[in-house]
Each structure stands twice: as structure tokens, then as C-alpha cells.
Protein chains: 2
Amino acid sequence: MEESSNGKEAMNEQKEEEQSEEGPHNYDAAKYERPSVTVDVLMMSLRQRDLQMLLIKRRSWPYEGMWAIPGGFINMDESLETAAKRELQEETGVEDVYLEQLYTFGNPGRDPRTRVITVVYFALLDSELLQVSAASDATDVGWFSVYDLPPLAFDHQMIVEYALNRLRGKLEYTTIAFNLLPEQFTLRELQWVYEIILHKKLDKRNFRKKILSTNILEDTGAKKMEGTHRPARLYRFNPEAESKL
Amino acid sequence: MEESSNGKEAMNEQKEEEQSEEGPHNYDAAKYERPSVTVDVLMMSLRQRDLQMLLIKRRSWPYEGMWAIPGGFINMDESLETAAKRELQEETGVEDVYLEQLYTFGNPGRDPRTRVITVVYFALLDSELLQVSAASDATDVGWFSVYDLPPLAFDHQMIVEYALNRLRGKLEYTTIAFNLLPEQFTLRELQWVYEIILHKKLDKRNFRKKILSTNILEDTGAKKMEGTHRPARLYRFNPEAESKL
DNA sequence: TTAATAGTGTCTCTTAGACAGTATCCC
DNA sequence: GGGATACTGTCTAAGAGACACTATTAA
């Protein structure tokens with residue numbers, strides 16, 4: 001279940017009626033100072049056989065000159081997920097990618113400027129898509145290996161670790177990995193995805209046996225030749241087949 | 001990883017400097033209208049051999065008279081988790097319970113009054129604790145079986161389903177279930193927790209075999225006698241032992 | 001033919017699930 | 001002893017992991 005449309009209540013009253021109790025049910029929203037709400041998007045992709053993420057160099061206080069996860073304020077008329085997609089679009093020019101709400105961080109003092117509550121999403125980008133729509137500017141946006149990050153602003157280091165844990169967890173029982181590959185791919189490429197994310201080598205035979213036994217792959221008939229060796233079959237992800245990973 | 005202290009940035013500048021680009025990095029927070037932020041807490045407990053949750057009856061528009069998940073505005077100087085604990089304390093008088101951030105809902109229009117972003121936590125309460133600190137008032141707070149809920153305000157029905165999914169998922173690979181039991185409990189009681197949450201019967205022998213093989217239970221030596229039959233051993237959760245559930 | 005990677009099968013061990021009878025308490 | 005629930009063990013099937021050789025291509 002991702003964002004999805006929904007509703008929620010607020011336990012506050014805009015009107016002045018019912019000011020009987022001091023309980024939490026009759027608050028007046030206007031009485032309350034409101035925190036700023038931002039949406040950050042942690043974008044990951046497979047580049048150069050490495051798991052990399054996009055960072056932005058901060059140009060002002062606080063943490064001036066340090067790298068940070070891209071994000072921005074939410075508009076009053078857009079959903080959290082829409083804000084995340086907007087951010088994604090602004091930074092990479094890419095749409096229709098895997099996007100999942102990660103966690104919401106809201107400790108006071110997280111940001112020295114003001115009270116900021118940040119809803120963090122994380123996105124997985126198909127490496128090929130990315131090459132097409134290169135990047136916006138140059139010097140203040142960059143892809144970095146998650147295994148060799150520069151010092152990050154705020155506690156973005158912790159957020160990255162949180163995301164990595166989530167990703168590794170879901171790798172085992174979902175088909176999330178396919179979001180990092182183009183439409184067609186070889187089994188070896190799929191294995192690389194798992195190896196890079198789990199950060200350990202896997203047995204080729206066991207891996208293929210397991211993946212193929214789930215029937216989530218469809219043989220395209222095509223082959224991928226590269227280098228001076230036997231070509232590899234190209235597969236396609238079949239979202240229909242019961243995953244049962 | 002739960003809330004935890006942290007930091008996060010806002011991509012906005014309070015000062016007027018650097019108004020060169022219209023990019024998302026130089027926003028002025030003051031320019032932005034801010035949404036209201038609330039924290040709701042979905043409290044679950046085992047009562048009368050049933051999984052029940054606490055609801056509050058709304059006393060005003062919108063959804064007047066309907067039941068809703070308790071929640072309230074966040075204060076500017078408290079963390080999300082602190083706000084959740086405050087809510088928990090206000091509604092049940094209970095502290096030190098299992099508390100986990102569930103999801104953040106923020107679609108515009110969720111609340112007809114104003115733009116509200118709600119961070120939902122969910123809490124698991126030991127059934128015994130609860131009996132002690134009964135409830136606050138009476139008619140507008142109540143415990144309901146999650147399997148037989150009244151119509152809920154907003155889209156709280158969906159939030160409940162989301163929470164149930166999370167709970168069921170975590171039941172399999174974490175020790176989350178123990179949070180619903182008092183310090184000492186019998187194996188049969190533990191099995192009830194699983195059966196009630198998963199909503200299906202489990203095989204007694206297989207269940208005991210599996211639980212005991214993990215060594216997360218410690219025999220207290222005591223026994224629990226109730227009714228006219230053989231007394232049951234009382235166990236205690238041993239958080240040390242590698243879970244490996 | 002060589003270099004380089006694709007592709008394949010077996011055995012073992014552990015785990016999950018089906019299944020029924022004995023033990024111990026109170027009355 | 002009857003009623004009620006606690007407690008226990010075996011078999012089978014499926015899945016996980018260790019492990020090494022053949023197949024196919026370009027040069």
C-alpha cells in the first residue's frame with residue numbers, strides 16, 4: 001500500500017464553538033503555530049555496477065557546501081506523493097518511477113532555521129531512463145555511491161541507512177529489484193542488482209534456480225551479446241505471475 | 001529504527017539573500033502557506049480474546065457523531081514521537097508501550113476544514129496495563145474489535161487496514177507480539193495473540209515447536225492455574241536471545 | 001584454440017506442516 | 001473417574017545452500 005488517496009481528521013475546529021473542554025478535541029487550528037512541511041526524495045539507481053544516489057550541494061547556511069538529499073516545500077494543493085514526483089521531475093526529468101514513502105522525520109531542532117517536518121520518499125530509477133534525461137545543471141547535483149558517500153548535511157546519513165535497510169528488506173519478498181533494470185535484462189544483470197544491494201556475492205546457480213522457479217520472468221527470445229563470449233538470454237518482468245519471491 | 005533524533009533540511013532560506021534563481025533551493029519559508037500537522041495514534045490491545053482498538057466519537061463537524069482514531073496537533077517544540085506519546089497518555093494514561101510510526105497521510109481534501117498532514121503512529125498495549133488505568137470519560141471513548149468496527153470518520157477505515165497489514169507482516173519476523181502480553185504468559189496465550197491477529201487457527205504443536213526453538217522464551221518456573229484442568233507453565237520474553245523468528 | 005561468460009543438476013540439511021495420544025489438574 | 005486443557009514427537013515435502021562442469025560466442 002503506497003500513499004493512495006485518503007482522508008484524515010484533525011481534531012481541531014476552525015470555529016469558536018464548543019470551547020468547553022481543554023481536551024484535544026476542540027482545538028482551533030488558527031491558535032497553533034504550524035511547522036513547515038517538506039518532502040525529500042532519496043533517488044537511487046544502478047550506475048557503473050554500483051548503487052548510487054542523487055545528492056544536491058547546499059549553497060547556503062546551514063551546512064553550506066555539504067551534500068544533501070533533494071527536497072522542497074509542499075504546496076497546499078498537492079499530495080505528498082505529487083510533491084515527491086515533482087521533486088523527482090525537477091531533479092532528473094524522469095517520471096513514472098517506483099516511489100515509496102519511507103518515513104517522516106520531525107524532531108524539533110532538526111533544522112536550525114525553523115521547525116521542519118519532512119516526509120521522505122525513496123525512488124528507484126531504471127538506469128537506462130536516466131542516461132537519456134541526463135542531469136540539470138552540473139556542479140551542484142551529483143550521483144554518489146551509497147557505499148562511499150561524502151559527509152551529508154543534517155542527519156541525512158541516517159536517512160540513507162534507513163532507506164538501505166528498507167530496500168534490503170523488500171528485496172527478499174517483493175519484486176522491487178526490477179525497478180532498477182530496463183525492460184529487458186539478463187539474469188546476470190538481475191543478480192548484480194541483488195548482489196550490489198545486499199552487498200554480498202550470491203551463488204549463480206541457486207540464484208537462477210530461485211528466480212526462475214517463481215515464474216516472474218518471461219523469456220523475450222532475444223539475446224544480449226556483449227564481449228567475446230556466449231550471449232545471454234534477455235528476460236522481461238512479468239507482473240502477472242504470482243510473485244511468491 | 002523508530003523515530004530517533006535526526007535532522008533534515010528545508011531548502012528554504014529565511015533571509016532574503018540569494019534570490020537569484022527560481023529553483024527550489026532558495027525558497028523563503030515565510031512565503032509559504034503551511035499545512036496543519038497532526039499526529040494520530042492507533043492503539044491496539046487484546047481484550048476479551050479479541051484484537052481491539054481505541055476510538056473517539058467526534059462531537060462536531062465534519063463527521064459529527066462518527067468514530068475516529070484519536071489524534072491532535074503537534075506542538076512546535078515536541079517530536080512526532082513525543083506527540084504520539086502525549087496522545088497515548090491522554091487517552092489511556094499508559095506510558096512505555098510499543099509505538100511505531102505507521103505512515104503519513106497528506107492528501108489535500110482529506111479534511112474538509114483545512115489542509116492537514118497527519119503522521120499516524122500505532123501502539124500496542126499490554127492488556128493488563130490497560131485494565132489498571134481504565135479510561136478517561138466514557139461515552140465518547142471506546143474499544144472496538146478491529147473485526148467489527150463502526151463506520152469511521154474520514155478514511156480511517158483504510159488506515160486501520162494499513163496498520164493490520166503492517167502488524168501481520170511484522171508478526172512473522174519480529175517479536176512484536178510480546179507487546180500485547182503481560183510480562184508473564186502461557187504458550188497458549190501467546191498462540192492466541194498470533195491466532196487473533198492472523199485471524200486463523202494455528203496448529204498447537206507446530207506453534208510451540210517453532211516458538212521454543214528460537215529460545216526467546218524463558219521458563220519462569222511459575223504456573224498459571226485457571227479452571228479445572230492442568231496448569232500451564234508461565235514464560236517470560238527474553239529479549240537477549242537472538243530472535244530469528 | 002583460447003578467452004570469457006552463459007548456462008545447468010545433485011545432494012544435504014533445515015524448516016513447515018499434517019497429524020493423535022498422554023499428562024495433570026479440579027471436581 | 002470425568003471433564004478440561006497442557007503438553008509432546010514423527011513423518012513428509014519443500015526450500016536453501018554448497019558445489020563444478022559444459023555450452024556458446026568472437027577473436
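Reminder, nothing fancy here: chain letters follow the sequence lines and each chain counts from 1.
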*A:L234 CG to C:dA6 P, straight-line distance once rounded to whole Å*: 12 Å
*Nearest whole angstrom, please: distance from the P of C:dG17 to the NZ of B:K210.*
7 Å
*Partner set under ring pair (Phe, Tyr, Trp, His ring centres under 6.0 Å) for A:Y147, not counting sequence neighbours*: A:H199
*Where the side chain of A:T228 is defined as all heavy atoms beyond and including C-beta, which of C:dA3, D:dT24, C:dG7 is the nearest nucleotide?*
C:dA3
*A:F178 ring center within less than 6.0 Å of A:Y98 ring center*: no
_I need the full list of salt bridge (charged side-chain N to carboxylate O under 4.0 Å, His left out) pairs touching residues 192-201 of chain B, with sequence neighbours left out, sorted by first then second residue._
B:R188-B:E195
*So which pairs with a foot in residues 177-186 of chain B pass salt bridge (charged side-chain N to carboxylate O under 4.0 Å, His left out), sequence neighbours left out?*
B:E183-B:R236
_Between C:dA6 (C1') and A:I211 (CD1): distance, integer Å_ = 17 Å
*ring pair (Phe, Tyr, Trp, His ring centres under 6.0 Å) partners for B:F207, two or more places apart*: B:Y194
Protein-nucleic acid N or O pairs under 3.5 Å, nucleotides 8-10 of chain D:
residue, atom, partner, partner atom, Å
D:dT10, O4, B:K209, NZ, 3.1

_Rounded to whole Å, how long is the line connecting atom CG of A:L198 with atom C1' of D:dG17?_
15 Å
*If each of A:G227 and B:E226 is mapped to the nucleotide of DNA chain D with the nearest heavy atom, which maps nearer the 5' terminus, i.e. the 5' end?*
B:E226
*asked:* Without decimals, in angstroms, what is the distance between B:Q191 CD and D:dC7 C1'?
replied: 12 Å
_Spacing between B:L202 atom CG and C:dG17 atom C1', to the nearest angstrom_ = 11 Å
*To the nearest Å, give me how far apart CZ (A:F185) and P (C:dA6) are.*
15 Å
_Residue whose nearest DNA chain C nucleotide is more 5′ - A:K223 or B:R230_ = A:K223
*How long is the line joining CZ of A:F207 and P of C:dT8, in whole Å?*
14 Å
Could you tabulate the donor-acceptor pairs under 3.5 Å formed by side-chain atoms of residues 224-232 of chain B, not counting sequence neighbours?
residue, atom, partner, partner atom, Å
B:K224, NZ, B:E189, OE2, 2.5
B:H229, NE2, B:E226, O, 2.7

*Residue pair B:V97 / B:M43, side-chain heavy-atom distance below 4.5 Å*: no
_Distance criterion of 3.5 Å, no angle test: do you see the side chain of A:R188 paired donor-to-acceptor with the base of C:dA6?_
no
*From the list D:dA6, C:dT24, C:dA6, which nucleotide is the closest neighbour of the side chain of B:A232?*
D:dA6
